[in-house]
Amino acid sequence: MPKGLKRHMTRRKSGPDVFHGKDAMRRASSHSLLTLDTTEDDRVDLLELKRRVEDDLNRDEQKLLYLTQNIARAGALEQSMGRTLELFDERLSSLEAVIHPIHQQTLRLVGAQENLEAVGDLLEEAIKQQGVSHRVSNLIRGGTSGQPLDEYIAALLQVRSALEYFTDYAPGNPEMQTLYELHAQAMATIQARTKILLVDDVYTPIPDTMLAAIPEAESESKVFVSDGADLMKLTKLLLQSDNFAELARMFAAARGAAIAEMLDGKQMPTRTTSDGTKPRGIRRGISLRRRSNSNLISSANVTPAKSSRQSSAGHKRQPSDQAALDKDAEGDDPMSATYEKGSHPFLRYFSLTITALRREQTLAALLVAEKPGVLDQLLRQLYHSKMDLAISNGELIVGKRCTGLSLMDIIETLTLTRKQVLEPILDVCNEQTSVRFHQLISSLADVARQSLLEFQDYIAGDDLKKIPPDGTVHELTSNTLGYITALQAYDNVAGFLLDSSRGADIMGGDSLDPTAVGVRVGRLIRWSIDVLDVLCDNVSRKARQYEQPALRCIFLINNFDYILKYIVASPYASIFREQESQIDSRFLTLIQDQFSAYRNHTWNSLASYTQVDGGIDVANMSKKEREMVKDRYSKFNDGFEAVVEAQTRYTVPSSEVRERIINDIITFVVPQYKKFDDRYRNSGFTQKNPHKYLKYSVADVEEKIRRLFSAT
C-alpha cells in the first residue's frame with residue numbers, strides 16, 4: 001500500500017470525524033486522493049481501491065435503506081397492536097361483567113348439590129341404622145350356638161355402630177333403647193362364650209407324675225385344645241370394647257376354676273378324723289412337737305437304709321416296740337419310713353400351682369398379643385388368688401409347728417427357686433402377696449431352726465421306761481441317727497439355720513450361698529455330736545431300768561456300738577473327727593467298759609465255781625471234799641442254765657459284736673471248765689447220781705454258749 005495512503009487511512013482511524021452518508025464519504029475519498037503524492041502505478045492501485053470502497057458503500061446504503069424501512073413498518077405494527085390490545089381489554093372487561101354473576105350462581109349450585117348429596121347420605125345411613133335392630137335382633141337373641149361366631153360378632157358391631165350414629169345425630173331416637181338392650185345381651189353372650197372357651201378350649205394338662213420340686217422351666221408348648229381362633233377373636237373384641245376389667249375378671253375366674261379342678265385332691269389334707277382328733281403318725285414317721293408328757297421324739301423321719309443298718313452293723317429292729325411307737329407318734333406330716341425329696345403334699349401342690357401359672361402366662365400373652373402392655377394386668381388377679389391360696393397352705397404348716405425333714409425340704413426348695421422361678425410371678429401379684437411369701441419362708445425357717453435347737457431337749461426327755469425287753473438297739477437311737485443321716489441331705493439349710501449369728505434370716509442377701517456349704521456342714525456335724533452326747537446320756541439312764549445287770553450291759557453295748565458304726569460308716573466321718581478328734585476312742589472305751597461289766601456280772605461267778613483246788617487228792621478224796629465238788633458242779637450247772645436261759649432271749653444285732661462277746665465268754669469260761677471237768681469227772685466223787693452233776697461236757701458248754709443271743 002502506498003505510504004501516503006497508509007498515513008491518510010491512519011489519520012481516518014484516529015481522527016475524531018465520522019463520515020455519515022454517501023456524499024460525505026465520497027468527499028472524503030476524493031479529498032484524500034487529491035492530496036496524495038502518487039506515481040502512475042499508485043494511481044492505478046488507488047482507482048481500484050476507490051472502486052471497491054464505492055461498492056462497499058453502495059451495499060451498506062442498501063442495507064441501511066432496508067433497516068430504515070423495517071423500522072418504519074415495526075412502528076406501524078406497534079401502533080396497530082396497541083390499538084388491538086386496548087380493544088381486546090375493553091372486550092374482556094365486558095365479558096367479565098357478563099360471566100361473573102354466572103360463576104357466582106354456579107358456585108351456589110355446586111354447594112347446594114353437595115348439601116343434597118350429604119343429606120342423601122345421612123338419610124341413607126339413617127334408614128340403614130334405623131333397621132339394624134330389626135335385622136340383627138333374631139341373630140343376637142339366638143346366641144352364639146348354632147351359628148358362625150364371625151356373624152354374631154358382625155351383628156354386635158352393627159349394633160355398636162348404630163348406637164354411635166344415633167348418639168351423634170339423633171340422641172333422642174326411640175330406636176336407641178332397643179339397640180342398648182341388644183348390645184347388652186350381645187355382650188353378655190360374648191362374655192359367657194368367652195368364659196366357656198377359657199375353660200373348654202384351653203389345654204390344662206395334669207402331669208403323669210407329681211412334680212418333686214418347683215419346675216425351673218415350662219416346656220409344654222400346647223396351649224389350646226383346638227386352634228384357639230374363636231377365643232382370640234372374642235378376647236380381641238373385649239379389648240376393643242374398653243372392657244378390660246371385665247376381661248381380667250373373667251380370665252381370673254375361668255382359669256382359676258380350671259386350675260382348681262386340675263389341682264383337685266392335690267391340696268394338703270385337713271388331717272382330722274371323724275371324731276375331730278388328729279390321726280396317728282405313720283410308723284416310724286417323725287414328729288418333734290412339744291408334748292406335755294415330755295415324750296418328744298417318736299422316731300426318725302428318714303431312717304438309714306436297710307443295707308447300712310443290717311449289713312454293716314448287723315442290727316435288727318425289734319417289732320415289739322412298734323405298737324408303742326405308733327401310739328406315741330403324732331404325725332404332723334403324712335410321712336413314710338423314708339422321706340423322698342419333693343414328696344411333701346405342700347410342695348407337690350405348690351409345684352403344680354407354679355406350673356399352671358406359668359402356662360397361664362403363655363395363654364395370656366397370646367390373648368393380648370395386640371396389647372402386650374396389659375399382660376401383667378390380665379394375670380394379676382389370677383396370680384394373686386392362686387399364690388395367696390398356696391401361701392395360706394404354707395402358713396398352716398407354720399401354724400401347726402410342723403418340724404422334721406419335710407420342713408427342711410420346703411425351705412430349701414422355696415429358697416433356692418425364689419429368684420429364678422417365684423419372684424417373676426410374685427412381681428405380677430400385689431405387694432402384699434410378695435410380702436406374705438417372704439414372711440412364710442422366714443416363718444418356716446424360724447420354726448425349723450427352733451426345732452433343731454430343741455432337738456436335744458426332745459431326746460433328753462424321751463420316756464426312760466420305754467426299753468426293749470431283749471436289750472436291742474433302742475428306737476430312740478436308731479431314729480435319732482436316722483434323722484441325723486437324713487438331715488445331712490439338707491446340710492446347707494440346716495447349717496445355715498444353726499448359725500446363731502444369723503438366726504433364721506434365710507431371706508438375707510447371700511441366703512443359701514453354696515460357697516459356704518463347708519462351714520455349714522461342720523456346724524451341722526458339731527450339732528450332731530452334741531445330739532449324740534445327749535442320746536448316750538438318755539440311753540444310759542434307760543439302761544438303769546433293767547433289773548438284770550447283764551442285760552443292762554448288753555443294751556448299752558448294742559447302742560454304743562450302733563452309734564460308733566454309724567460314725568465310722570458316715571460319709572462325714574472325717575468331719576466328725578475334725579469336730580472331735582477322740583470320738584472313736586471315746587465310744588470304744590464306752591463299749592469296752594460295758595464288756596468288762598457284762599463279764600463281771602455274769603461269768604465271773606460261774607468261773608469261780610470251776611476253779612481247781614490243788615490241795616485235793618483226787619484219788620483219796622474225803623467225803624467233805626466230794627461234797628464240795630458236788631456243790632461246785634451243782635452251782636455251775638444251775639448258774640449256767642440260768643444264764644443260758646436268760647441270755648438266749650437277749651438280742652445283739654451286730655454279728656461282729658455278738659461273735660466278740662461269745663468268743664470272749666468261751667475264752668474265759670471253757671478252758672477253766674475243761675480243766676475242772678477233766679480233774680473231777682472221773683474222780684468218783686459221785687457214784688449214785690453222776691447224771692445229776694455231770695450234765696455238761698466241755699463241748700456241751702461251748703455249744704450252749706454259742707447259742708446265746710439266739711433271739712437276734
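Keep in mind that what you see is a predicted model, and the values were worked out from it rather than measured.
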S.K.: Considering residues at least two apart in sequence or located in another chain, which fulfil the side chain to side chain donor-acceptor pair (under 3.5 Å) criterion with Tyr490?
M.R.: none

S.K.: Do the charged groups of Arg160 and Glu164 touch, with an N to O distance under 4.0 Å?
M.R.: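 Salt bridge absent between Arg160 and Glu164.
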
S.K.: Anything under 30° is parallel, anything over 60° is perpendicular, the rest tilted; go ahead and classify Phe346 against His344.
M.R.: perpendicular

S.K.: Are Thr353 and Ile259 packed together at the side-chain level, in the sense that at least one heavy-atom pair is separated by less than 4.5 angstrom?
M.R.: no

S.K.: Sequence neighbours left out, what pairs pass salt bridge (Lys or Arg N to Asp or Glu O under 4.0 Å) with at least one residue falling in residues 145-155?
M.R.: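 Every salt bridge (Lys or Arg N to Asp or Glu O under 4.0 Å) pair that includes a residue of residues 145-155, provided the two are not neighbours, is Asp150-Lys233.
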
S.K.: Under the side-chain hydrogen bond (donor to acceptor under 3.5 Å, both in side chains) rule, what pairs show up with a residue in residues 71-86, not counting sequence neighbours?
M.R.: Asn70-Arg73

S.K.: Considering all heavy atoms of both residues, which atom of Ala254 and which atom of Val199 are nearest to each other, and what is their separation?
M.R.: O-CG2, 3.6 Å

S.K.: Should Asp201 and Asp230 count as side-chain neighbours, where that means a heavy-atom distance under 4.5 Å?
M.R.: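 Sidechains of Asp230 and Asp201: no contact.
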
S.K.: I'd like to check the side chain to side chain contact (heavy atoms under 4.5 Å, CB included) partners of Arg59; sequence neighbours left out, ordered by chain and number.
M.R.: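 With neighbours one apart ignored, the set is Asp55, Asp56.
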
S.K.: How long is the gap from CD on Gln361 to CG on Leu366, to the nearest 0.5 Å?
M.R.: 11.0 Å

S.K.: Supply the atom-to-atom distance Asp427 CG to Leu422 CG, rounded to the nearest 0.5 angstrom.
M.R.: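 That separation rounds to 10.5 Å.
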
S.K.: Got a sec, which residues hit side chain to side chain donor-acceptor pair (under 3.5 Å) with Gln377, two or more places apart in sequence or on another chain?
M.R.: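 If we apply the side chain to side chain donor-acceptor pair (under 3.5 Å) test to Gln377, skipping adjacent residues, there are no hits.
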
S.K.: My understanding is that only residues two or more places apart in sequence, or in another chain, count here; which of them pass side chain to side chain donor-acceptor pair (under 3.5 Å) with Gln147?
M.R.: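 Residues passing side chain to side chain donor-acceptor pair (under 3.5 Å) with Gln147: none at all.
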
S.K.: Any salt bridge (Lys or Arg N to Asp or Glu O under 4.0 Å) involving residues 250-260? Give me the pairs, sequence neighbours left out, ordered by first then second residue.
M.R.: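 Output for this query lists Arg255-Glu360.
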
S.K.: Answer with yes or no whether the side chains of Tyr383 and Thr433 bring together a donor and an acceptor at under 3.5 Å.
M.R.: no

S.K.: I'd like to know whether CD of Gln105 has more than 12 heavy-atom contacts from other residues, nucleotides or ligands below 6.0 angstrom.
M.R.: yes

S.K.: My understanding is that only residues two or more places apart in sequence, or in another chain, count here; which of them pass side chain to side chain donor-acceptor pair (under 3.5 Å) with Ser385?
M.R.: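 Checked Ser385 against side chain to side chain donor-acceptor pair (under 3.5 Å); zero matches.
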
S.K.: So, taking the atom named CD in Glu340 and the one named CG in Asp409, what distance separates them when rounded to the nearest 0.5 Å?
M.R.: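 Reported to 0.5 Å precision, the distance equals 9.5 Å.
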
S.K.: Rounded to the nearest 0.5 Å, what separates atom CD in Gln439 from atom CG in Asp446?
M.R.: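 So the gap between those two atoms works out to 12.5 Å.
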
S.K.: In chain order, what residues pass the salt bridge (Lys or Arg N to Asp or Glu O under 4.0 Å) check against Arg108, with sequence neighbours excluded?
M.R.: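 With neighbours one apart ignored, the set is empty.
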
S.K.: Quick check for you: to the nearest 0.5 Å, what is the distance between Ile71 atom CD1 and Tyr66 atom OH?
M.R.: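 So the CD1 of Ile71 and the OH of Tyr66 are separated by 11.0 Å.
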
S.K.: When the side chains of residues 90-99 are checked against the rest of the protein, which donor-acceptor pairs come out under 3.5 Å, sequence neighbours left out?
M.R.:
unit_1 : atom_1 : unit_2 : atom_2 : d
Ser93  : OG     : Asp89  : O      : 3.0
Ser94  : OG     : Glu90  : O      : 3.0

S.K.: Report yes if some heavy atom in the side chain of Thr189 is under 4.5 Å from a heavy atom in the side chain of Tyr152; otherwise report no.
M.R.: yes

S.K.: Using the side chain to side chain contact (heavy atoms under 4.5 Å, CB included) criterion, which residues pair with Gln191? Sequence neighbours excluded.
M.R.: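 With neighbours one apart ignored, the set is Met187, Leu238, Asn243, Glu246, Met250.
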
S.K.: Does anything in residues 380-395 form a salt bridge (Lys or Arg N to Asp or Glu O under 4.0 Å)? List the pairs, not counting sequence neighbours.
M.R.: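 Output for this query lists Asp388-Arg436, Glu395-Arg436.
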
S.K.: Say you draw a straight line from CG of Leu363 to CG of Leu198; how long is it, rounded to the nearest 0.5 Å?
M.R.: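 Leu363 atom CG to Leu198 atom CG measures 7.0 Å (nearest 0.5 Å).
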
S.K.: Would you say that Leu231 contacts Thr194 through its side chain, given a criterion of any heavy-atom pair below 4.5 Å between the two side chains?
M.R.: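 Yes - at least one pair of side-chain heavy atoms lies under 4.5 Å apart.
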
